[in-house]
Amino acid sequence: MARYTRLTEPIALITLNNPPVNALSSAVRSGIVDSVSQALKDDQVKAVVFCGENRMFSGGADIKEFSGSMSGPPLVRMIHSIEASEKLMVAAIEGVALGGGLELALGCHYRVANTKARLGLPEVTLGFLPGAGGTQRLPRLTGITAALELITTGRQISAQEALQLGIVDQVTEGNAVQAAMELALSVIGQPLNPRRLSLRPPVWSADVDSVCEVALARVKQHSRGAMAPVACVQAVRAAAMLPYSKGMEKERQLMDTLFRSSQARALQYAFFAQRNAGKWSLPNGARWNNTKARDVQRVGVIGLGTMGRGIAVSLVKAGLSVVALESDAKQLESGKKAVTAMLQRDAQRRGVGSPLHLLTFALSFHQLKDVDLVIEAVFEDMNLKKRVFSDLCKVLRAGTLICTNTSGLNVDELAKVTDRQHLVVGMHFFAPAHVMKLLEVVYGSRSSPEAVAVAMALGKRIQKVCVAVGNCPGFVGNRMLKLYMDQSLYLLEEGATPEQVDQALEEFGFAMGIFKVADLSGLDVGWRVRKASGLIGPDIDPVNPSRWRLGQRYCPLPDMLCQQGRFGQKTGRGWYLYNSPGSKEAKPDPEILNFLEDYRLKYGITPQRISSQEVIERCAFSLANEGFRILEDGIAAGPEDIDVIYLFGYGWPRHRGGPMFYASQVGLSVVLEKMEHYHRIHPDVPSLEPSRLLRRLVAEGSPPIQQWRNHIKNLHSQL
Ligand SMILES: CC/C=C\CC(=O)SCCNC(=O)CCNC(=O)[C@H](O)C(C)(C)COP(=O)(O)OP(=O)(O)OC[C@H]1O[C@@H](n2cnc3c(N)ncnc32)[C@H](O)[C@@H]1OP(=O)(O)O
């Protein structure tokens, strides 16, 4: 797991060997310790160069080991003995040096990096801190300000930036091992103490306190309720105030607390859940590793509204050739201006050449005849989409895939109007499509595994986190969102205010409460959908609308707001008040409070005191309960997929893992008990009834989330 090679020069090479990322597993650490000891024993060896197999230095500690009992040589001690060694130690960094990988390199006396290498301390994203001396050594190299930024964000930097910050001593366009050997030969014999970072004094300066205060305020604002970024600031502050050994004590204390925290478990779960989402499977047994995706080079995008523009930008940025189509010249011109400006701004920001040559604008379907795949992104209207689909079939080549960007329409119904139902899939992008990472790839009952494979591969190529989901109203994300929104509205009816609900959600960790999000998205969007689905119609009294529709409780509050022209930020008024239309700062609106009071009086509702706990339970547990139904229905393959959708598409706080993980952490029996309680009090809300799968999992002893897939498989095989 670490290969020792004695080179002809007085140099030994230690190659970390644990593909794919040379994680520092227990076996790798043992291999390193043995190899270092071999080098120290060999009088001919004057220097040691560390590198990674396959030109990949190291992705850091083996995250899989964190869930079990740790064995093997501790990383801290191993790095300390490398630094303390009387022989010269040099790190040759190619690929990545992340986390423990970079900490190992910081323990070496010199560091050389290839120009393409990326370096970083991403431990904060896993719920802890660089606990192998990283919080103490890095500030001693870069100073406090840069170290705080790198450690609290986990940002990866280029070799060039690392050189500027003093993290590496040399950058080479060639082979880093060769360059490290040359550097070693040129410095052998020079004193090593000045190169031992642990011997450097604390990096105190007069403004340490204020720099740390600013960093603390920033992390508290950015990652609401997350413990790790706060602990990172405390650890780096210790590097400024305390000698190395005392700083290390502080690092260890903080690490001990974080390592055992539920937040660390949630973040590590999220790391693997994100990677597992790409390993899709369909109910018919087709999987990511038994289905080949054919290559896509040329893509058609139909509709250059907000979604179409973002999709076109994402495709072009990934190097795909795009034909963007609009139905009339005026819309085409405004879409063209917007897309061009977005791409130019992006190229300028990244310092790369403009990719506009990849883009063609068109008014005629005939210009799509040569594309490999089409993404239709017209207005969310079934009849319009059907018309587009049947027109497309007249011009497309036989094998061209047709994807629909829809947030919840029936993919099967759309496919039926085509001559290629097996080549139709849904692609649910999230707005703004060039920014948001999530993509739900929706397979219909006739979609072929190859079509799903192509859509998933295309999504990955444009750097989306893709999750394959089945076809049902709202798919996974919006199907669950509806119940979350319903609960929030019922809470208003029962006595809460929008700011109270939002505050509880934001304290839980959401970046924005649900009513602020609704104002941002526009209340008219849902209003149109409810009109189209028949929930609002001419038979509904607009002054005293019924609170009962389609056999269950219904909250007409959002419809009443829309009737008043309160569409959210865009009109300057929604659930909140804004200084002017389009302004972003939400302020509580006394008019809304009066409106809610009148509403409750009119319908004879006695307002209750709603606690934050009730807000969280009703919102979060309703999400999870519907998630269980989705698993029962086979719409998502596993709880991890649902959690990834909520993490990347709906602002669920990452340090809480996702709604399914959260339910598993709270305890399934607690969730069941609470759902039973709320369903008893609100029998007119059928969705509050605990799902069959939740009951079954509790009856089977509440297995850990990693085992739920087996229980679901058993459930399906019994149906
Ligand atoms: C005392 C504590 C001291 C130190 C703590 C640490 O070092 S914690 C670890 C810090 N490191 C990281 O957070 C890096 C995590 N990995 C990544 O960011 C990316 O994987 C990486 C290295 C940039 C490579 O990205 P790429 O997109 O090329 O591959 P992918 O992410 O799909 O990963 C490939 C497979 O490798 C697994 N993996 C990656 N890193 C680790 C790791 N550190 N430990 C264990 N496994 C790791 C990943 O899960 C993938 O596995 P697969 O089975 O193929 O899905």
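Small disclaimer: the values here were computed from a predicted structure and weren't measured. In listed order, ligands and their atoms are each counted from 1. The chain is numbered in sequence order, starting from 1.
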Item checked: Contact atoms of ligand 1, heavy-atom distance to F272 under 4.0 Å -> 49 (O)
Item checked: Heavy-atom check, side chain of L458 versus side chain of M427, under 4.5 Å -> yes
Notebook entry, point to check: Which ligand 1 atoms are under 4.0 Å away from a heavy-atom of G60?
Noted result: 7 (O)
Notebook entry, point to check: Under 4.0 Å from atom 29 (O) of ligand 1, is there any protein heavy atom?
Noted result: no
Next item on the list: Answer yes if the side chains of D295 and Q297 hold a donor-acceptor pair under 3.5 Å, and no otherwise.
Entry: yes
Next item on the list: Using the side chain to side chain donor-acceptor pair (under 3.5 Å) rule, pick out the option among R196, R137, E249, R140 that qualifies with Y244.
Entry: R137
Check: Can you tell me which residue and heavy atom of the protein come closest to atom 46 (N) of ligand 1, and the distance to 0.1 Å?
Finding: K64 NZ, 4.0 Å
Notebook entry, point to check: Should E161 and R155 count as an ion pair when the cut-off is N to O under 4.0 Å?
Noted result: yes
Notebook entry, point to check: Of all the non-hydrogen atoms in the protein, which one sits nearest to atom 13 (O) of ligand 1, and at what distance?
Noted result: P122 CG, 3.4 Å
Note to self: Closer than 4.0 Å and a protein heavy atom, does any atom meet both conditions relative to atom 25 (O) of ligand 1?
What the structure shows: no
Item checked: K460, M255, E123: member with heavy atom nearest to atom 2 (C) of ligand 1 -> M255
Next item on the list: Could you tell me whether the side chains of E251 and T135 share a donor-acceptor contact shorter than 3.5 Å?
Entry: yes
Next item on the list: Mark whether atom 37 (C) of ligand 1 lies under 4.0 angstrom from at least one protein heavy atom.
Entry: no
Notebook entry, point to check: Can you check whether I63 has an N/O within less than 3.5 Å of an N/O in ligand 1?
Noted result: yes
Checklist line | Sub-4.0 Å atoms of ligand 1 with respect to non-hydrogen atoms of G99 | finding: 7 (O), 10 (C)
Margin query: If we set the cut-off at 4.0 Å for heavy atoms, which region of R118 has an atom near ligand 1: side chain, backbone, both, or neither?
Written below: neither
Next item on the list: Give the residue and atom name of whichever protein heavy atom lies nearest to atom 45 (C) of ligand 1, and the separation in Å to one decimal.
Entry: D62 OD1, 3.2 Å
Margin query: Under the rule for side chain to side chain contact (heavy atoms under 4.5 Å, CB included), what residues qualify as partners of A2, not counting sequence neighbours?
Written below: I14, I32, S35
Next item on the list: Using a distance threshold of 4.0 Å (strictly less than), state whether atom 21 (C) of ligand 1 has a protein heavy-atom neighbour.
Entry: no
Notebook entry, point to check: Which residue supplies the protein heavy atom nearest to atom 8 (S) of ligand 1, what is that atom called, and how far is it?
Noted result: L126 CD1, 3.8 Å
Notebook entry, point to check: Closer than 4.0 angstrom: is that true for some heavy atom of M56 and an atom of ligand 1?
Noted result: no
Item checked: Minimum-distance pair of heavy atoms, taken over all atoms of R3 and N17 -> NH1-ND2, 3.7 Å
Checklist line | E103, any N or O under 3.5 Å of ligand 1 N or O | finding: no
Margin query: Does ligand 1 come near enough to G100 that some N or O of the ligand is less than 3.5 Å from an N or O of the residue?
Written below: yes
Check: Given that the side chain starts at C-beta and the backbone is N, CA, C, O, which of these parts of L75 lies under 4.0 Å from ligand 1, counting heavy atoms, or is it both or neither?
Finding: side chain
Next item on the list: Show which atoms of ligand 1 fall inside a sub-4.0 Å distance from at least one heavy-atom site of A23.
Entry: 44 (N)
Checklist line | Over 12 non-hydrogen atoms of neighbours within 6.0 angstrom of NE2 in H711 | finding: yes
Next item on the list: Give the intermediate values and the outcome of ring pair (Phe, Tyr, Trp, His ring centres under 6.0 Å) for residues F66 and F128.
Entry: CA-CA 11 Å; F66 296 158; F128 46 91; 5.3 Å; yes
Check: Given that the side chain starts at C-beta and the backbone is N, CA, C, O, which of these parts of T125 lies under 4.0 Å from ligand 1, counting heavy atoms, or is it both or neither?
Finding: neither
Next item on the list: Could you check atom 23 (C) of ligand 1 against the protein and tell me its nearest heavy-atom contact, residue, atom and distance included?
Entry: L98 CD1, 3.9 Å
Checklist line | Donor + acceptor pair across side chains of E83, S198 (<3.5 Å) | finding: yes
Next item on the list: Check A61 against ligand 1 and report side chain, backbone, both or neither, counting heavy atoms closer than 4.0 Å.
Entry: both
Checklist line | Donor-acceptor pair between Y269 and D643 side chains, under 3.5 angstrom | finding: yes
Margin query: So that I know where these two stand, are F430 and Y650 an aromatic pair - ring centroids less than 6.0 Å apart?
Written below: yes
Margin query: Counting only heavy atoms not in Q463 (residues, nucleotides, ligands), do more than 12 fall under 6.0 Å from its CD?
Written below: no
Margin query: Please give me the minimum heavy-atom distance between M660 and F628, naming the atom from each residue.
Written below: CE-N, 3.6 Å
Check: Should you measure from each heavy atom of F271, which atoms of ligand 1 turn up under 4.0 Å away?
Finding: 15 (C), 16 (N), 39 (C), 40 (N), 49 (O)
Next item on the list: Return a yes/no value for G59: is any of its N or O atoms, backbone included, closer than 3.5 angstrom to an N or O of ligand 1?
Entry: yes
Margin query: Using a 4.0 Å heavy-atom cut-off, which part of V21 comes near ligand 1: side chain, backbone, both, or neither?
Written below: side chain
Notebook entry, point to check: Are R656 and F508 in a cation-pi contact, defined as NZ or CZ under 6.0 Å from the six-membered ring centre and within 45° of the axis?
Noted result: yes
Next item on the list: For atom 52 (P) of ligand 1, state whether the nearest protein heavy atom is under 4.0 Å away.
Entry: yes
Checklist line | K279 N/O under 3.5 Å from ligand 1 N/O | finding: yes
Notebook entry, point to check: Are Y110 and L88 close enough that some pair of their side-chain heavy atoms sits under 4.5 Å apart?
Noted result: yes
Item checked: Heteroatom distance test (P20, ligand 1): nitrogen or oxygen, under 3.5 angstrom -> no
Checklist line | Test salt bridge (Lys or Arg N to Asp or Glu O under 4.0 Å) applied to R275 - qualifying residues, sequence neighbours left out | finding: none
Item checked: Nearest non-hydrogen protein atom, atom 19 (C) of ligand 1 -> R275 NH2, 3.9 Å
